[in-house]
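Here the structure is laid out as structure tokens; the discussion comes afterwards.
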Amino acid sequence: MENIDYARVFGEIADLLEIQGANPFRIRAYRNGARTIETLSQPIESLLADEEARLEDLPGIGKDLAGKIRELHETGELNFLNELRREVPASLVQIMHIPGLGPKRARQLWDGLEITSVEELEEAAKAGALEELPGFGPTLQERILKGIVELKARAGRFKLADADIYVHPLLEYLRKAGGLADLEVAGSYRRRCETVGDIDILATSSGESPLMDHFVAYRDVQEVLAKGPTKSSLRLKGGLQVDLRLVPRESYGAAMAYFTGSKAHNIVIRGIGRERGLKINEYGVFEGERLVCGRTEEEVYAAIDLPWVPPELREDRGEFDAARAGRLPESLRLDDIRGDLQMHTTYSDGRQSAAEMVEACRERGYEYMAITDHSPSLAMTGIKAEDFERQYAEIDELQEKHDDIRILKSCEVDILEDGSLDLGDDILALMDFVVIAVHSKFNMSRADMTRRITGAMRHPKVNALAHPTGRLINRREPYPVDVEELVKVACDQGLMLELNAQPDRLDLRDFHLQMAREAGVKIVISTDAHRAAELDYMRYGVDQARRGWLERADVGNTYALEEFLKLLEK
DNA sequence: GCCGTTTTCGGCCCGACTGTTTTCAGTCG
């Protein structure tokens with residue numbers, strides 16, 4: 001079982017307990033446990049195998065949860081969960097995913113109308129049967145019907161880059177409202193999470209502002225979900241929900257901290273405040289009734305003797321210890337990046353020529369780049385074996401013309417089913433930089449896939465492993481692979497692991513990056529651009545790297561050309 | 001259910017908005 005499987009079990013237990021009306025703190029304990037496991041930088045399985053390691057040392061995992069983890073590990077199931085499922089229909093959990101319905105109303109639907117599934121709920125709502133229940137009016141019934149339609153239509157959360165498409169024009173529009181002092185996005189968007197559930201925008205005004213009226217009059221509004229003087233919510237036509245809050249100027253920092261989250265980070269902040277007799281909320285830091293500070297985030301952190309924490313690190317994944325010790329990572333910046341090491345041209349499935357890609361990289365001020373067309377085994381897509389000579393001659397010509405950028409001869413070499421490479425040593429010998437990746441046969445066992453990839457990694461010519469888990473956000477799960485083992489082999493072989501910056505890949509994930517950093521494995525952030533404009537995906541890679549605690553020295557393509565080339569020596 | 005340099009018991013973040021009802025419970029973040 002993967003960490004995520006353990007986390008899902010605890011999440012389901014929490015949901016079912018919630019419907020039962022169990023002690024809220026007991027429910028939270030399961031959610032905390034799920035979160036700890038999900039974001040662990042190593043597999044639970046390896047902890048279980050380690051004599052030294054104690055599950056109980058993990059935050060939020062006590063004797064009970066540790067016991068349940070062991071039971072799951074040993075038997076593949078959990079008695080407690082099976083019992084719960086006998087008591088509460090598991091399909092009720094789906095009902096809670098409909099906006100407006102929580103555990104209490106789910107329970108009401110079950111008790112009052114024997115509704116246990118979304119389908120039954122839809123039927124009952126269409127028949128107007130929900131109004132029989134106390135607290136269920138016609139508005140709520142309508143909302144539920146709409147929610148069901150949306151639940152079916154909307155597959156998961158918005159990718160960060162997709163959200164960006166909506167956020168920039170909206171901000172531009174909101175700035176025209178007049179009377180505004182500040183306007184910024186908070187929430188998971190500001191933390192640069194790979195996906196966002198909604199957009200939280202924060203504003204302050206210097207006096208009367210027509211902001212809320214202006215907001216709900218936006219051209220792309222599909223539905224106004226709520227409108228008040230300090231908080232309004234709407235859904236945009238693309239389906240993205242946007243919350244806007246107006247706070248007093250003196251509370252801006254406190255509100256920014258509060259609405260940036262994460263929730264887990266905020267709970268710790270408030271806890272530290274409470275220890276010092278301070279109440280910290282979205283309006284400021286208070287001593288009794290007296291406002292101590294709150295104008296800036298720095299003030300809020302300073303009130304509890306911490307340095308300002310970059311939003312990308314606010315996940316309660318060690319940032320508090322690091323902050324106290326003065327060891328917060330120095331966040332990577334986009335302009336630290338000196339080269340892009342995965343991109344495609346018309347030789348394979350790219351849309352633009354090598355000359356155009358070189359020009360685009362020069363425009364971005366890069367010192368070096370690698371042209372990495374797919375290898376021949378990708379039928380219809382890969383570069384033809386006989387074309388290597390021609391492409392590399394073309395690169396030589398381009399190199400002649402430009403002395404301000406080094407063009408590395410390369411290839412994204414396919415890892416075949418048996419772990420061998422798609423190209424022979426004669427062609428590999430022509431390359432300055434060799435990237436390998438899996439593109440087919442995803443349905444192998446975890447052990448076989450890990451063996452396949454690590455086998456390829458051991459080839460002496462290989463420099464980097466691209467998109468190591470193969471996942472596509474919201475579309476495809478990662479293929480089963482032991483990332484910890486990949487990190488280990490990368491370390492042994494002096495290989496770099498790629499952080500693929502395509503917005504639907506972002507592969508490796510943030511906690512994998514932390515794992516690699518701790519092992520001393522260098523990461524290379526590459527856009528995998530298939531056209532020049534996609535070179536700008538680099539910013540999403542840098543965002544993800546920041547979430548993974550990477551500093552400049554951890555990232556291969558922040559090194560100057562000569563140092564970078566030295567990293568390739570084995 | 002977890003946690004602990006005030007505690008092994010008694011805490012555990014808390015305010016805004018909605019729909020419903022008539023003073024507030026439920027949901028959400």
Side-chain angles (χ1 to χ4, degrees), chain A residues 10 13-14 17-19 21-36 55-69 80 95-109 130-144 147 157 186-191 193 196-202 212 223-235 241-247 251 254-255 257-286 304 316:
Chain A
F10 287 158
I13 290 174
L17 284 175
E18 207 163 24
I19 294 170
N23 175 354
F25 298 109
R26 189 178 172 211
I27 295 163
R28 185 190 289 173
Y30 278 103
R31 296 212 192 281
N32 287 341
R35 209 186 126 266
T36 292
L55 288 176
E56 287 86 345
D57 291 340
L58 297 171
I61 307 291
K63 220 174 128 205
D64 188 281
L65 292 194
K68 290 190 165 74
I69 291 171
F80 180 56
I95 285 178
M96 292 203 294
H97 294 160
I98 297 164
L101 294 184
K104 301 282 164 58
R105 284 173 181 155
R107 176 85 205 211
Q108 256 185 303
L109 289 164
L130 302 189
E131 288 184 60
E132 291 173 35
L133 297 172
F136 281 75
T139 315
L140 184 56
Q141 187 164 260
E142 275 308 301
R143 193 177 168 203
I144 288 169
R157 294 158 58 91
S188 49
Y189 180 89
R190 183 169 179 239
R191 300 201 313 280
C193 295
V196 299
D198 64 10
I199 299 293
D200 297 296
I201 304 177
L202 208 57
M212 291 302 174
E223 187 186 2
V224 176
L225 303 167
K227 180 168 181 281
T230 65
K231 179 190 170 182
S232 299
S233 298
L234 49 80
R235 189 177 308 285
Q241 183 176 326
V242 185
D243 296 346
L244 174 62
R245 297 165 208 259
L246 186 62
V247 300
S251 303
Y258 182 87
F259 291 117
T260 296
S262 64
K263 202 172 186 177
H265 181 89
N266 285 351
I267 288 173
V268 176
I269 294 276
R270 282 165 186 264
I272 299 174
R274 208 173 36 245
E275 283 167 15
R276 294 161 192 240
L278 299 172
K279 188 178 76 172
I280 302 173
N281 60 26
E282 60 265 55
Y283 297 110
V285 179
F286 295 88
I304 51 172
D316 190 20

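Protein chains get the first letters and strands the later ones, always in sequence-line order, with residue 1 at the start of each. Because only heavy atoms are used, hydrogens play no part in the values below, and waters and symmetry mates are left out as well, while side chains stay in.
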Task: Distance, C1' atom - from B/dG19 to B/dT23, rounded to whole angstrom - done: 13 Å
TODO: Let me know the distance between CG of A/Asn266 and C1' of B/dC28, rounded to the nearest Å.
DONE: 15 Å
Task: Nucleotide B/dC2, atom P - distance to CG of A/Leu55 in whole Å - done: 12 Å
Task: Touch class at under 4.0 angstrom, heavy-atom based, for A/Ile280 against every strand present - done: nothing
Open item on the list: I need the minimum non-hydrogen distance between A/Gly197 and A/Ser188, along with the two atoms involved.
Closed with: N-OG, 4.3 Å
Open item on the list: Can you work out whether A/Phe136 or A/Arg26 has the more 5'-proximal nearest nucleotide on DNA chain B?
Closed with: A/Arg26
TODO: Describe the nucleic acid contact of A/Leu17 in one word from base, sugar-phosphate, nothing, applying a heavy-atom distance below 4.0 Å.
DONE: nothing
- [ ] Write down the distance separating the C1' atoms in B/dC12 and B/dT21, rounded off to the nearest Å.
- [x] 32 Å
Task: Test side chain to side chain contact (heavy atoms under 4.5 Å, CB included) applied to A/Ile280 and A/Phe286, step by step - done: CA-CA 6 Å; A/Ile280 302 173; A/Phe286 295 88; over 6 Å; no
Open item on the list: Just to be sure I understand the rule, does A/Arg28 reach a base, reach only the sugar-phosphate, or reach nothing, if contact means heavy atoms closer than 4.0 Å?
Closed with: base
What are the atom names and distances for every N/O pair under 3.5 Å that joins the protein to nucleotides 15-17 of chain B?
from	atom 1	to	atom 2	distance (Å)
B/dA16	OP1	A/Tyr283	OH	2.9
B/dC17	OP1	A/Thr230	OG1	3.0
B/dC17	OP1	A/Lys231	N	3.0

- [ ] Measure the distance from CD on A/Gln241 to P on B/dT18 and round it to the nearest whole Å.
- [x] 12 Å
Task: Pairwise P distance, B/dT7 and B/dT18 [rounded to whole Å] - done: 45 Å
Open item on the list: As a test of reading the structure: which of B/dT20, B/dG29, B/dG1 is closest to the side chain of A/Asp64, going by heavy atoms?
Closed with: B/dG1
TODO: Using a 4.5 Å cut-off on heavy atoms from C-beta on, say whether the side chain of A/Arg107 contacts that of A/Ile19.
DONE: yes
- [ ] Let me know the distance between CG of A/Asp200 and C1' of B/dG29, rounded to the nearest Å.
- [x] 7 Å
TODO: Identify the heavy atoms of A/Ala186 and A/Thr260 that sit nearest to each other, and give their distance.
DONE: CB-OG1, 3.6 Å
- [ ] Classify the nucleic acid contact of A/Pro59 as base, sugar-phosphate or nothing, counting any heavy atom under 4.0 Å across all strands shown.
- [x] sugar-phosphate
TODO: Round to a whole Å and report the spacing from CD of A/Glu56 to P of B/dG4.
DONE: 14 Å
Task: Separation between the C1' atoms of B/dG10 and B/dC24, rounded to whole Å - done: 28 Å
Task: Whole angstrom value for the distance that separates P of B/dG29 from CG of A/Leu202 - done: 16 Å
- [ ] Check the distance between B/dC28's C1' and A/Arg105's CZ and give it to me in whole angstrom.
- [x] 11 Å
- [ ] For A/Glu275 and for A/Ile61, locate the closest nucleotide of DNA chain B by heavy-atom distance; then report the residue assigned to the nucleotide nearer the 5' terminus.
- [x] A/Ile61
Task: Salt bridge flag under 4.0 Å for residues A/Glu18 and A/Arg28 - done: no
TODO: Heavy atoms only: give me the nearest A/Met212-A/Ser232 pair and the separation to one decimal.
DONE: SD-OG, 3.1 Å
- [ ] Select one nucleotide: of B/dT20, B/dG29, B/dG1, the one nearest the side-chain heavy atoms of A/Lys68.
- [x] B/dG1
- [ ] Figure out the CZ/C1' separation between A/Arg31 and B/dC12, and round it to whole Å.
- [x] 15 Å
Open item on the list: Does A/Arg270 reach a base, just sugar-phosphate, or nothing at all? Heavy atoms under 4.0 Å.
Closed with: base
Open item on the list: Is any side-chain heavy atom of A/Glu131 closer than 4.5 Å to one of A/Leu140?
Closed with: no
Task: Atom C1', compared across B/dC2 and B/dT8: separation rounded to whole Å - done: 12 Å
Open item on the list: Return the pairing partner of B/dT18 with a 3.5 Å limit on both distances, Watson-Crick or G-U wobble; otherwise return none.
Closed with: B/dA25
TODO: Just call it for A/Leu101: base, sugar-phosphate, or nothing, with non-hydrogen atoms closer than 4.0 Å on any strand.
DONE: sugar-phosphate
Open item on the list: Please classify B/dT7 as syn or anti, treating any glycosidic angle within 90° of 0 as syn.
Closed with: syn
Open item on the list: For A/Phe80, does the six-membered ring have the charged nitrogen or CZ of A/Lys68 within the cation-pi criterion, i.e. under 6.0 angstrom from the centroid and within 45° of the normal?
Closed with: yes
- [ ] Using the C1' atoms only, state how far B/dT6 lies from B/dG11, rounded to an integer number of Å.
- [x] 13 Å
Open item on the list: Between B/dT20 and B/dA16, how many Å separate the two P atoms, rounded to a whole number?
Closed with: 22 Å
Open item on the list: Please classify the nucleic acid contact of A/Asn23 as base, sugar-phosphate, or nothing, using heavy-atom distances under 4.0 Å.
Closed with: base
Open item on the list: For a quick check of understanding: with a heavy-atom distance under 4.0 Å over all strands, which category does A/Phe259 fall into, base, sugar-phosphate or nothing?
Closed with: nothing
TODO: Look at the side chain of A/Asp198 and the backbone N and O of A/Val242, then say whether any donor-acceptor pair between them is shorter than 3.5 Å.
DONE: no
